[in-house]
Amino acid sequence: MAFYLAFILSLSLFQTVSVAENSIGPFQSISDGTTIVSKDGVFEFGFFSLGNSKNRYVGIWYKKIPVQTVVWVANRCKPINDSSGLLTINSTGNLVLLHQNKSIVWSTSSSKQAKKPRVQLLDSGNLVLKDEEDRSSQAYLWQSFDYPSDTLLPGMEFGWDSRRGLNRKLSAWKKWDDPCPEDFSFSVELEHDSYPDACIRKGTATHYRAGPWNGIGISGAPDLRANHAFDSHYFYLGNSLNYGYNLKNSSVTIIIVLNQTNRLLQHLLWMEGDQSWSVYASSPRDYCDKYGICGANGNCVISETAVCQCLEGFKPKSRVKWDLRDWSEGCIRENPLSCEDGDKVEDDFVKLDGIKMPDTRNSWFNDSMNLEECRIKCLNNCSCVAYSNRDIRGEGKGCRIWFGDLMDIRQISGNGQELYIRIPPLELGLCFLFSHASPLTSNSFC
Ligand SMILES: *[C@@H]1O[C@H](CO)[C@@H](O)[C@H](O)[C@H]1NC(C)=O
Ligand SMILES: *[C@@H]1O[C@H](CO)[C@@H](O)[C@H](O)[C@H]1NC(C)=O
Ligand SMILES: *[C@@H]1O[C@H](CO)[C@@H](O)[C@H](O)[C@H]1NC(C)=O
Ligand SMILES: *[C@@H]1O[C@H](CO)[C@@H](O)[C@H](O)[C@H]1NC(C)=O
Ligand SMILES: *[C@@H]1O[C@H](CO)[C@@H](O)[C@H](O)[C@H]1NC(C)=O
Ligand SMILES: *[C@@H]1O[C@H](CO)[C@@H](O)[C@H](O)[C@H]1NC(C)=O
Ligand SMILES: *[C@@H]1O[C@H](CO)[C@@H](O)[C@H](O)[C@H]1NC(C)=O
């Protein structure tokens, strides 16, 4: 009986807001069929369906773009099967999505109870929960930007926030009409040494590796850099790496979307004239961007007819397969390293220029070492196969060394970095003879 009364009371107290409001407070709600709209009229938040399905989702989309463009979904894997869904702020200050049965389908997760909670859709497309009583705090109690779906909007931060323990990653929709994630995601990963590398994964397999942080950007992802359309910024602090972008011209609409169907991370630009999205940039960009396409110790050079080449000092593991352009087995050393033979003569290094740094999974770094200290560190450990500066700003600083096989190296025009690869001393004498045969690799010691 008490429950029944409370139910009647709550029904009469909840006013459904009408379109054009951009927020709801306590005792207000959004029922299926009503929405809230950001102040500038760009984004809309409410219930929607996809295709012919009767399933109802709650999310955010571009209001003025006629092609349905959903940028965030709350109940991604738990659609509501009728029109009885109701969004409301519960008594402990969370936004909850209720089904007819009063069962909670989805909710925000504020750690703090607001005295006067308000949920607002900002002009950025960020849905925020804040406390109107607490004017001192700029921070939101919860925001949709912290829980991205498949879309990175301008102004959104992507990557690790170690302070709040948040890993903000993109996960693609299963299909165009199913926002539930399957197994395709893009995230900044913390390696064993807490070093971030940004990767697209299909399940546990690496599909594309944007590359490690190098002080300026991510070495293998030139498309994420600032260009004439947008400013991008990175924050690298401790073991947090964040990425974000802002549009230079607010009347231009660009979004970054991860798509399971075409297996791409795409920058989409809204074309007002065509009334359609056009692809502005895609990752992986080309054959060489496919993770590990040339196998171990290979280098992918897109301009060559045979795109895969063994690194200097290496030869194809299987010449027959390699000549048939099956690169999967990669390359092995032509001659053993001097340190393996216990020789007194030190190994040496050849410089490979203009490349995307190899996978950092089997690597180690020290930010206070210089390049010469780095060389010695590598030389003194026979498992070390290569070294480089970690931060390429200015003269370069910091040290990274790699162990085992070098994976996923490619030639990159313009933005590449330098890597020093260990070779036995014998080859050093011969390198002069061969250096002209391989214009892409310059030997600093010759
Ligand atoms: C909708 O889902 C509820 C449970 O969430 C179920 O009881 C009901 O039968 C479903 N209705 C339809 C029409 O499928
Ligand atoms: C409000 O919603 C949150 C999140 O689902 C939940 O933890 C909390 O118990 C709810 N409060 C009440 C009074 O139901
Ligand atoms: C109502 O909610 C309860 C608990 O959330 C659930 O076990 C039950 O299946 C629901 N019934 C219907 C008809 O949806
Ligand atoms: C993914 O891309 C395909 C083909 O380009 C497109 O048809 C589909 O709508 C996209 N999926 C999503 C979820 O946007
Ligand atoms: C911004 O974009 C609009 C539409 O493309 C264009 O008309 C306008 O000139 C641009 N403004 C600037 C400052 O580039
Ligand atoms: C990093 O290098 C500096 C300078 O050579 C050294 O003092 C420090 O001990 C090194 N740190 C580690 C963890 O090896
Ligand atoms: C060489 O590096 C490997 C991998 O980090 C490490 O396990 C090994 O102890 C090192 N050896 C020496 C002699 O430092």
Side-chain angles (χ1 to χ4, degrees), residues 17 21-25 28-30 32 34-48 50 56-63 65 68-80 85-90 93-98 104-112 114 117-132 137-161 164-173 179-181 185-188 242-247 253-258:
V17 297
E21 298 272 352
N22 71 356
S23 69
I24 60 165
Q28 286 186 310
S29 64
I30 302 169
D32 196 336
T34 55
T35 58
I36 58 173
V37 176
S38 62
K39 200 171 272 172
D40 65 1
V42 171
F43 291 99
E44 187 162 25
F45 170 68
F47 292 80
F48 66 94
L50 294 158
R56 303 295 284 164
Y57 293 96
V58 165
I60 300 166
W61 59 89
Y62 278 99
K63 184 172 171 57
I65 290 179
Q68 184 181 42
T69 306
V70 176
V71 296
W72 182 78
V73 185
N75 54 331
R76 294 183 74 177
C77 302
K78 287 168 95 179
I80 291 179
L86 188 76
L87 281 157
T88 190
I89 298 176
N90 78 2
N94 271 296
L95 180 67
V96 293
L97 171 58
L98 301 172
I104 297 177
V105 176
W106 170 89
S107 73
T108 58
S109 50
S110 165
S111 52
K112 208 170 121 219
R118 180 157 289 276
V119 169
Q120 187 177 1
L121 181 61
L122 304 180
D123 289 349
S124 57
N126 192 6
L127 184 77
V128 302
L129 172 64
K130 58 186 185 181
D131 189 352
E132 288 184 304
S137 170
Q138 290 287 72
Y140 300 120
L141 297 170
W142 179 92
Q143 56 175 341
S144 62
F145 272 18
D146 282 340
Y147 304 91
S149 295
D150 65 341
T151 305
L152 194 63
L153 289 173
M156 209 157 152
E157 296 297 339
F158 171 78
W160 275 90
D161 179 337
R164 293 187 298 152
L166 273 180
N167 184 10
R168 293 156 303 183
K169 58 184 183 180
L170 301 184
S171 50
W173 292 22
C180 190
S185 64
F186 179 49
S187 65
V188 171
N242 292 333
Y243 170 79
Y245 67 103
N246 285 301
L247 298 176
T253 305
I254 294 178
I255 55 177
I256 300 180
V257 182
L258 185 69

What heavy-atom pair brings [X] and [Y] nearest, and what distance separates the two atoms?
{"X": "Val71", "Y": "Tyr62", "value": "CG1-CE1, 3.7 Å"}
{"X": "Leu98", "Y": "Ile104", "value": "CD2-CG1, 3.7 Å"}
{"X": "Phe47", "Y": "Leu87", "value": "CE1-CD1, 4.0 Å"}
{"X": "Gln68", "Y": "Leu50", "value": "OE1-CD2, 3.4 Å"}
{"X": "Val188", "Y": "Gly159", "value": "CG2-CA, 3.8 Å"}
{"X": "Asn75", "Y": "Lys78", "value": "ND2-O, 3.0 Å"}

request  = Please name all residues satisfying side chain to side chain contact (heavy atoms under 4.5 Å, CB included) with Ser149, sequence neighbours left out, ordered by chain then number.
outcome  =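 Checked Ser149 against side chain to side chain contact (heavy atoms under 4.5 Å, CB included); matches are Trp72, Val73, Arg76.
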inquiry  = Applying side chain to side chain contact (heavy atoms under 4.5 Å, CB included), can you list everything that pairs with Val257, at least two apart in sequence or on another chain?
reply    =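 Per chain and number, Val257 pairs via side chain to side chain contact (heavy atoms under 4.5 Å, CB included) with Asp150, Thr151, Ile255, Leu268.
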Pairing residues for [X] by the side chain to side chain donor-acceptor pair (under 3.5 Å) criterion, not counting sequence neighbours:
{"X": "Asp40", "value": "Ser38"}
{"X": "Asn90", "value": "Thr92"}
{"X": "Gln143", "value": "Asn126, Asp146"}
{"X": "Trp106", "value": "none"}

task = Evaluate the side chain to side chain contact (heavy atoms under 4.5 Å, CB included) criterion for residues Ile30 and Phe45: first the C-alpha distance (whole Å), next the side-chain angles of each, then the deciding distance (0.1 Å), finally the verdict.
result = CA-CA 9 Å; Ile30 302 169; Phe45 170 68; 3.9 Å; yes
message = Looking only at side-chain N and O atoms, does Asn94 offer a donor or acceptor that is under 3.5 Å from a partner on Ser110?
response =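 Per modelled atom types, Ser110 and Asn94 side chains form no pair under 3.5 Å.
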From CA spacing to verdict: side chain to side chain contact (heavy atoms under 4.5 Å, CB included), Val42, Asp123 = CA-CA 7 Å; Val42 171; Asp123 289 349; over 6 Å; no
ask   = In Å, rounded to the nearest 0.5 Å, how long is the span from CD1 of Ile36 to CD of Gln28?
value =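 Here the interatomic distance stands at 9.5 Å.
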key: Approximate separation, where rounding is to 0.5 Å, of Lys130 NZ and Gln120 CD   =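 If I round to the nearest 0.5 Å, the distance is 4.0 Å.
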ask   = Judged by atom type as modelled, is there a donor-acceptor pair below 3.5 Å linking the side chain of Ser187 to the main-chain atoms of Lys169?
value =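 Answer holds: no.
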task = Could you tell me whether a side-chain N or O of Thr35 sits under 3.5 Å from a main-chain N or O of Gly46, the two making a donor and an acceptor?
result = no
inquiry  = Using the rule given for side chain to side chain contact (heavy atoms under 4.5 Å, CB included), can you reason through Tyr140 versus Leu122, listing the C-alpha separation, both sets of side-chain angles and the distance that settles it, and then say yes or no?
reply    = CA-CA 12 Å; Tyr140 300 120; Leu122 304 180; 3.5 Å; yes
key: Partners passing ring pair (Phe, Tyr, Trp, His ring centres under 6.0 Å) against Phe145 (at least two apart in sequence or in another chain)   =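 Result, ring pair (Phe, Tyr, Trp, His ring centres under 6.0 Å) vs Phe145: none returned.
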query = Can you list the residues that meet the ring pair (Phe, Tyr, Trp, His ring centres under 6.0 Å) rule with Tyr57, with sequence neighbours excluded?
reply =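 Here the qualifying residues are Phe48.
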ask   = Residues two or more places apart in sequence or in another chain: which of them pass salt bridge (Lys or Arg N to Asp or Glu O under 4.0 Å) with Asp32?
value = Arg56
task = Would you indicate whether the side-chain heavy atoms of Leu129 and Pro117 approach each other to under 4.5 Å?
result =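 When only atoms from C-beta onward are counted, Leu129 and Pro117 do touch, with a gap below 4.5 Å.
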query = Heavy atoms, side chains only, cut-off 4.5 Å: are Leu121 and Val37 in contact?
reply = no
